[in-house]
Amino acid sequence: MGGVDKERVKRVVFEMSKNSAHFKNEQRKQAKVEERIGRLKVQAQKLTPQELAAQLRLMDQRIADLEASRDLSRTWLHVDMDAFFASVEERDRPELKSQPMAVGGKSMISTANYEARKYGVRSAMPGFIALRLCPNLVFVKTDFNKYKQASEETRAIFKCFDPDFDAGSLDEAYLDVTEYSNKSGLSGAQVAAILRDRVREVTQLTCSVGVAPNRFLAKVASDMNKPNGQYVVESERHAVKTFVDALPIRKVPGIGKVTEQTLHAFSIHTCHDLMENRALISALFSPSSCSFFLDTALGLGSNKHWEVPGPGEAGRKGISCERTFKALSTQADLEHKARELAAHLAADMAKEGLKGKTVTLKLKTTAFEVRTRATTLPCFVSSANEILKPVLKALAAEMPIEVRLMGIRVSSFYEERVTRGQCAITTFVKPGKQCLSQRDASQATPEKQEEFEDGCQGDAKDQTVGQADSNPSVQTFKRARLGGEVGSVNPVECARDSIPCQQVAHAGSHDGSGAVLIDADLTHSGCQGQKDRGGCALGTPQNRPWSPAAGAVQECSLQSSLPVSFSSCTQTKCSRCGAWVSAAEQQEHEDYHLALDLQAETPVAVRPTAPQRLAPGGRWSKKRKSGGRCSKSRRSSESISTTLDAFLQKR
DNA sequence: GCGGATCAG
DNA sequence: ATGGCTGATCCGC
Ligand SMILES: Nc1ccn([C@H]2C[C@H](O)[C@@H](COP(=O)(O)OP(=O)(O)OP(=O)(O)O)O2)c(=O)n1
Ligand SMILES: [Mg+2]
């Protein structure tokens with residue numbers, strides 16, 4: 001952004017920061033980074049010309065291979081909404097357009113409108129500093145649901161250009177418009193212009209678009225003419241090289257503050273420099289980092305859509321919940337926070353039917369030091385109490401401590417091991433109201449309705465849904481089998497768009513989105529996504545059924561449909577943890593408690609309260625021995641590669 | 001598997 | 001005085 005008085009911004013931020021605990025922590029981290037960079041430089045110094053020459057030959061060979069596989073045949077768009085949260089707020093309150101405004105609060109800002117950015121106000125800047133930079137700054141509270149809805153409006157448009165588009169965060173998406181472009185005879189630039197017009201007309205929001213032969217380039221390009229602009233990288237080798245050569249490394253997704261600093265220390269500022277210094281890079285960095293830098297310097301990137309998680313797959317690696325609060329130090333206070341977090345997390349997990357084996361406690365001290373303590377349990381857990389147990393133990397081991405943030409993360413999820421072509425896994429649908437709303441009930445055929453309620457309540461007369469007995473020890477479920485072959489793709493012809501239905505459950509669903517839909521007459525199930533891959537897998541190892549608390553019942557329509565068939569199933573409530581367990585799982589569940597008990601009896605290892613080893617050492621270093629062979633087993637390292645691989649996949 | 005760290009949005 | 005939250009990944013151990 002032009003017109004920003006950068007010196008003033010730096011000065012103000014520094015003046016407000018210099019005495020804060022946060023700033024001191026930043027300095028501590030910075031010192032470590034510099035230390036690592038220092039070690040790298042020493043290593044670089046020791047390289048002989050012969051070694052460098054050898055590295056150069058290796059790199060050049062790889063470059064030749066990569067060039068040979070360069071694919072310029074596809075046209076990608078990366079769409080990124082402008083000042084997204086702020087723009088949505090402006091749409092609702094147009095008077096905000098002319099004033100500097102930030103979404104967030106005094107402690108933290110999510111984003112700011114372009115008026116506020118003129119003053120240097122940015123995402124992830126604390127509000128009180130922003131206020132000093134821009135005394136007239138207006139704060140608007142964040143309303144995540146509002147942005148989510150706005151996001152859906154944009155995505156409905158993206159779908160017209162690429163039905164399989166990949167949505168990353170709320171405000172961006174990758175579209176492969178090759179087909180659209182071919183069919184319409186329009187160039188990438190024309191498609192981008194049409195899309196931007198459409199988005200603006202329909203949503204009253206503006207976006208910026210990058211057009212390029214791969215995702216990486218499209219992503220970078222979308223940032224070139226922000227806001228409300230577009231930029232094309234032509235699908236031609238020379239154009240691509242020209243574009244990346246001039247690119248400052250910091251613009252490359254995956255190269256952040258630290259990596260930038262590190263490369264700057266070697267006078268590498270642009271992607272052209274990256275190429276010029278390829279021998280040095282090869283000698284200093286891990287194979288995966290080198291590979292990433294090489295791709296970057298060549299302007300190579302993925303040109304495939306993300307893989308859709310199969311049915312029964314979690315669709316994510318972890319789920320977490322963390323909160324910042326006023327400094328706390330008593331165990332009772334901290335345990336209270338832990339309980340709240342565990343409850344919150346358990347509710348979130350229930351929405352997707354997740355169960356995890358690893359529970360991680362995260363603490364941030366008042367000095368902003370972060371500690372994480374992970375526990376891997378003998379069984380998969382999902383309830384608040386199960387999550388809480390290992391957390392409390394880990395917490396106790398950290399006492400005494402003064403904390404400003406606590407978080408809990410659950411990972412290592414249970415995933416249905418579904419083999420391709422296997423029959424659909426059965427699922428549970430709780431009886432009664434959640435399957436049919438009042439309105440939809442009128443649309444259900446009487447027979448089906450009867451059959452359904454029969455199956456639901458059947459012999460379990462003692463429990464009427466949602467009333468009377470609020471704490472039954474036995475419940476009978478409708479067991480619904482939701483059609484199809486798991487792993488197969490449902491033919492498009494079976495699409496039954498616009499059938500009113502309800503979202504009844506989460507977990508591995510037909511399209512991997514997590515949402516399972518059943519229509520009003522209870523004859524068809526399906527998903528909203530574009531990639532219905534057949535049967536849906538619901539349930540967890542303990543087959544915890546869907547419950548009203550878990551996952552909102554939403555109005556939606558089926559993209560595709562599959563037959564539903566019913567049977568009934570009875571579960572009993574575990575007296576120890578409250579989980580619902582079917583007869584078949586009884587033994588497994590008891591074993592699980594046994595294992596937990598045994599673990600609880602194991603004495604807690606005496607752990608020093610002082611922070612663990614603060615010098616990780618070794619990072620950024622590359623123990624060179626193998627002459628540059630890039631085998632998976634090589635253990636050379638440096639933290640650059642951390643993020644790199646992630647983005648190799650994504651972009 | 002654990003802990004520290006980087007990155008994105 | 002006041003510095004968020006969620007998710008992913010990597011490496012050395
Ligand atoms: N540290 C951050 C960065 C972003 N966001 C949120 C607010 C943004 O509105 C949204 C999208 O992020 P972008 O990086 O795309 O930023 P904007 O869309 O706000 O601005 P731009 O016009 O630069 O894209 O994500 C956030 O909460 N915290
Ligand atoms: Mg944006």
Side-chain angles (χ1 to χ4, degrees), chain A residues 13 16-17 19-26 29 32-33 36 80-81 83-85 103-111 122-132 142 144 147 168-172 219 250 252-262 286 288-289 292 315-327 341 345 348 357-364 366 368-377 394 404-405 407-412 611-623 634-651:
Chain A
V13 171
M16 297 214 64
S17 292
N19 292 319
S20 70
H22 179 266
F23 185 69
K24 290 198 167 68
N25 187 250
E26 289 299 303
K29 290 197 308 195
K32 277 207 229 173
V33 169
R36 276 182 287 176
D80 188 313
M81 303 303 293
F84 186 54
F85 293 3
V103 176
K106 279 229 163 177
S107 62
M108 188 52 64
I109 284 173
S110 281
T111 194
R122 291 287 181 279
S123 284
M125 177 182 274
F128 63 88
I129 290 181
L131 205 52
R132 184 67 67 91
T142 65
F144 202 74
Y147 315 139
S169 63
L170 285 185
D171 94 317
E172 50 177 352
K219 163 94 180 156
R250 187 58 206 274
V252 176
I255 295 184
K257 200 172 167 227
V258 172
T259 309
E260 180 188 36
Q261 262 188 67
T262 308
S286 73
S288 76
S289 295
F292 169 77
R316 57 155 99 212
K317 309 280 185 190
I319 187 165
S320 65
C321 176
E322 67 186 54
R323 290 284 173 274
T324 296
F325 37 76
K326 66 162 196 194
L341 286 167
L345 189 56
D348 281 353
K357 211 151 63 83
T358 302
V359 177
T360 306
L361 168 70
K362 173 176 170 180
L363 299 171
K364 183 147 74 188
T366 47
F368 288 89
E369 280 179 57
V370 175
R371 298 185 207 174
T372 58
R373 298 293 178 258
T375 310
T376 297
L377 304 167
R404 78 187 321 279
L405 169 145
I408 304 179
R409 174 184 159 86
V410 175
S411 51
S412 310
Q612 312 302 79
R613 169 181 61 91
L614 282 181
R619 290 250 159 149
W620 302 91
S621 67
K622 171 164 173 170
K623 284 158 207 148
R634 273 203 54 192
R635 294 242 124 198
S636 63
S637 71
E638 95 305 328
S639 56
I640 284 185
S641 57
T642 306
T643 12
L644 305 197
D645 285 345
F647 285 94
L648 277 177
Q649 306 292 326
K650 275 204 162 187
R651 76 189 203 184

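Naming convention: chains lettered A, B, ... in sequence-line order (proteins, then strands); numbering from 1 in each chain. These figures come from a predicted structure and were not determined experimentally.
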Rounded distance in Å - CG (A/L405) to C1' (C/dC5): 9 Å
Using a 4.0 Å heavy-atom cut-off across all strands, classify A/T358 as base, sugar-phosphate, or nothing. sugar-phosphate
Among C/dG4, B/dC2, C/dT6, the nucleotide that comes nearest once only the side chain of A/M108 is considered: C/dG4
Within the 4.0 Å heavy-atom criterion, would you say A/K326 contacts the bases, only the backbone, or no part of the nucleic acid? nothing
Evaluate the side-chain proximity of A/S17 to A/I129: yes if any heavy-atom separation is below 4.5 Å, no if none is. yes
Using whole Å, what does the distance between atom P of nucleotide B/dG9 and atom CE of A/M81 come to? 15 Å
A/K357 side chain, from C-beta outward: closest of B/dG9, B/dG1, C/dG7: B/dG1
What's A/T111 touching, base or sugar-phosphate or nothing? Going by heavy atoms closer than 4.0 Å. nothing
Looking only at side-chain N and O atoms, does A/S320 come under 4.0 Å of OP1 or OP2 in C/dT6? no
Among the nucleotides B/dC7, C/dG7, B/dG3, which one has an atom lying closest to any side-chain atom of A/T259? B/dC7
Minimum-distance nucleotide (side-chain atoms of A/S412 versus C/dT6, C/dC5, B/dG1): B/dG1
Give one of base, sugar-phosphate or nothing for A/A21, where a contact means two heavy atoms less than 4.0 Å apart. nothing
Could you check how far CZ of A/R132 sits from P of C/dA1, rounded to whole Å? 11 Å
Distance check needed: B/dG4 P versus A/F368 CZ, whole Å only. 17 Å
Is there side-chain contact between A/F85 and A/I109, with at least one heavy-atom pair below 4.5 Å? no
Does this structure show an ion pair linking A/K29 with A/E26, if we count only N-O contacts that are shorter than 4.0 Å? yes
Given B/dG9, C/dA8, B/dC2, the nucleotide with the shortest approach to the side chain of A/T376: B/dC2
Measure from the side-chain heavy atoms of A/A374 and tell me the nearest of C/dC5, B/dG9, B/dC2. B/dC2
Candidates C/dG4, C/dA8, B/dC2 - which lies nearest the side chain of A/R409: C/dA8
Note: for A/T360 and A/K29 on DNA chain B, the residue whose nearest nucleotide lies more 5' is A/T360
Which of parallel (below 30°), tilted (30 to 60°) and perpendicular (above 60°) describes A/F368 and A/H22? perpendicular
Can you figure out which of B/dG1, B/dG4, C/dT6 approaches the side chain of A/R373 most closely? B/dG4
Report the distance from atom NZ of A/K362 to atom C1' of B/dG4, rounded to the nearest whole Å. 11 Å
Whole-Å distance separating the CZ atom of A/F84 from the P atom of B/dG9: 14 Å
Classify A/M125 by what it touches in the nucleic acid, base, sugar-phosphate, or nothing, heavy-atom distance under 4.0 Å. nothing
Counting only side-chain nitrogens and oxygens, does A/T372 get under 4.0 Å of the OP1 or OP2 atom of B/dC2? no
Winner on side-chain proximity to A/R323, out of C/dC5, C/dG4, B/dC2, is C/dC5
Look at all strands and tell whether A/E26 reaches a base, only sugar-phosphate, or nothing, counting heavy atoms closer than 4.0 Å. nothing
At under 4.0 Å between heavy atoms, what does A/I319 touch on the DNA or RNA strands: base, sugar-phosphate, or nothing? sugar-phosphate
Give A/D171 one of three labels, base, sugar-phosphate or nothing, depending on what nucleic acid heavy atoms sit under 4.0 Å from its own. sugar-phosphate
Kindly determine whether A/S123 and A/T111 satisfy side chain to side chain contact (heavy atoms under 4.5 Å, CB included), including the steps that lead there. CA-CA 4 Å; A/S123 284; A/T111 194; 3.6 Å; yes
Enter the distance from A/R36:CZ to A/T262:OG1 here, rounded to the nearest 0.5 Å. 7.5 Å
Selected nucleotide, minimal atom distance to A/K32 side chain, candidates B/dA8, B/dT6, B/dA5: B/dA5
Measure CD1/A/I408 against C1'/B/dC2 and give the value in whole Å, please. 17 Å
Result for 5'-nearest mapping on DNA chain C, choosing between A/N19 and A/D348, is A/N19
Please state how far atom NZ in A/K317 lies from atom C1' in C/dC10, giving the value in whole angstrom units. 13 Å
Any base atoms under 4.0 Å from A/K257, or only sugar-phosphate, or nothing? Heavy atoms, all strands. sugar-phosphate
Which residue lies toward the 5' end of DNA chain C, A/G318 or A/K364, if each is placed at its nearest nucleotide? A/K364
As a quick check of understanding, evaluate side chain to side chain contact (heavy atoms under 4.5 Å, CB included) for A/R371 and A/E369, giving each step before the final call. CA-CA 7 Å; A/R371 298 185 207 174; A/E369 280 179 57; 5.6 Å; no
May I ask you to say what A/L170 touches in the nucleic acid, namely base, sugar-phosphate or nothing, with a heavy-atom cut-off under 4.0 Å? nothing
